[in-house]
Amino acid sequence: MNVNYPGYFKPATEPVIVLPTCKGIMVIPVQQIIRIQSISNYSKLFFRDACPATGGGKTLVVAKVLHWFEERLSPLSTQWRGAGGEGFIRIHRSHFVNSSYIKKYCGGKNSLLFLCNGEILTVSKRKKTGLAERLNSFSNSFINRTALLSHFSTKKILAA
């Protein structure tokens, strides 16, 4: 069995995902993934930078369905939240997005999600309310963490 670890020198505390590919097994840091797009029975991973694990490319196509990633990254999301990340969100039948790279969300008739890399994705009607609630919980948890870490009360933080 061929196992690649190119360019991965981070401590073991950072979450990783192990992907079987035609070139062997790749170990990819989860925080490098911006989003995962479903393409029939395949998934296309989009990376923050030219990910060393993929040989320098910004995308990687693997023979896994999106639900496979959802099962594996959901348990990691709870551990990752404690490390400063907020995990992944399913925004569409064919899109699974890393919430750390969400720049802006415009709800309404044409719900659009703007990512830090300049991509604009549509949010399905069924996922709109769940996405809005999850994004609000992120901001509320940030305010609560800030209130616990500072000497100011939450009212002062909200007023500032």
Side-chain angles (χ1 to χ4, degrees), residues 3-8 10-142 145:
V3 179
N4 292 329
Y5 293 97
Y8 183 71
K10 303 271 182 183
T13 57
E14 182 178 336
V16 295
I17 187 164
V18 179
L19 296 174
T21 66
C22 62
K23 296 178 182 177
I25 296 174
M26 293 190 175
V27 178
I28 298 174
V30 174
Q31 293 175 341
Q32 288 286 325
I33 303 170
I34 294 176
R35 69 181 178 100
I36 305 170
Q37 180 180 359
S38 172
I39 307 169
S40 187
N41 287 334
Y42 296 90
S43 293
K44 188 173 189 178
L45 286 80
F46 293 82
F47 298 102
R48 178 179 67 196
D49 299 321
C51 187
T54 62
K58 289 191 177 189
T59 62
L60 173 69
V61 177
V62 292
K64 297 290 180 191
V65 294
L66 200 57
H67 183 69
W68 185 88
F69 287 98
E70 199 170 11
E71 286 177 342
R72 277 143 186 87
L73 293 176
S74 293
L76 283 178
S77 293
T78 55
Q79 297 169 354
W80 189 18
R81 284 185 197 142
E86 299 298 345
F88 283 79
I89 303 173
R90 184 83 177 248
I91 63 161
H92 195 272
R93 184 177 75 191
S94 61
H95 292 290
F96 198 43
V97 177
N98 186 339
S99 61
S100 298
Y101 296 103
I102 295 175
K103 184 176 184 179
K104 183 168 97 172
Y105 171 62
C106 295
K109 188 174 182 180
N110 299 328
S111 297
L112 298 174
L113 190 68
F114 295 83
L115 300 179
C116 291
N117 64 348
E119 292 180 309
I120 302 170
L121 305 173
T122 57
V123 179
S124 71
K125 290 179 182 178
R126 294 178 189 222
K127 302 288 183 179
K128 279 180 9 179
T129 56
L131 175 64
E133 289 173 3
R134 185 112 180 249
L135 292 175
N136 284 332
S137 72
F138 293 160
S139 64
N140 289 339
S141 66
F142 174 75
R145 276 185 263 155

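Reckoned from all heavy atoms, side chains included, excluding hydrogens, waters and symmetry mates.
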Original post:
Considering the options Leu113, Leu131, Ile36, which one meets the side chain to side chain contact (heavy atoms under 4.5 Å, CB included) requirement together with Val97?
Top reply: Leu113
For [X] against [Y], the heavy-atom pair lying closest together:
X	Y	answer
Phe88	Phe96	CB-CZ, 3.5 Å
Phe47	Ile34	O-CD1, 3.5 Å
Thr21	Val62	CG2-CG1, 3.9 Å
Thr59	Phe46	CG2-CD2, 3.6 Å
Tyr101	Ile33	CE1-O, 3.5 Å
Tyr105	Leu112	CD1-O, 3.3 Å

Rounded at 0.5 Å granularity, tell me how far [atom1] in [X] sits from [atom2] in [Y].
X	Y	atom1	atom2	answer
Arg126	His92	CZ	NE2	11.5 Å
Asn98	Leu45	CG	CG	11.0 Å
Ile102	Arg134	CD1	CZ	8.5 Å
Ser99	Leu115	OG	CG	10.5 Å

Subject >> Summary of side-chain hydrogen bond (donor to acceptor under 3.5 Å, both in side chains) pairs that have at least one residue in residues 35-46, sequence neighbours excluded >> reply: Arg35-Gln37, Arg35-His95, Arg35-Glu119
Original post:
Side chain of Lys128, backbone of Gly108: donor and acceptor closer than 3.5 Å?
Top reply: yes
Subject >> Set of residues satisfying side chain to side chain contact (heavy atoms under 4.5 Å, CB included) with respect to Lys127, sequence neighbours excluded >> reply: Arg90, Val123, Ser124
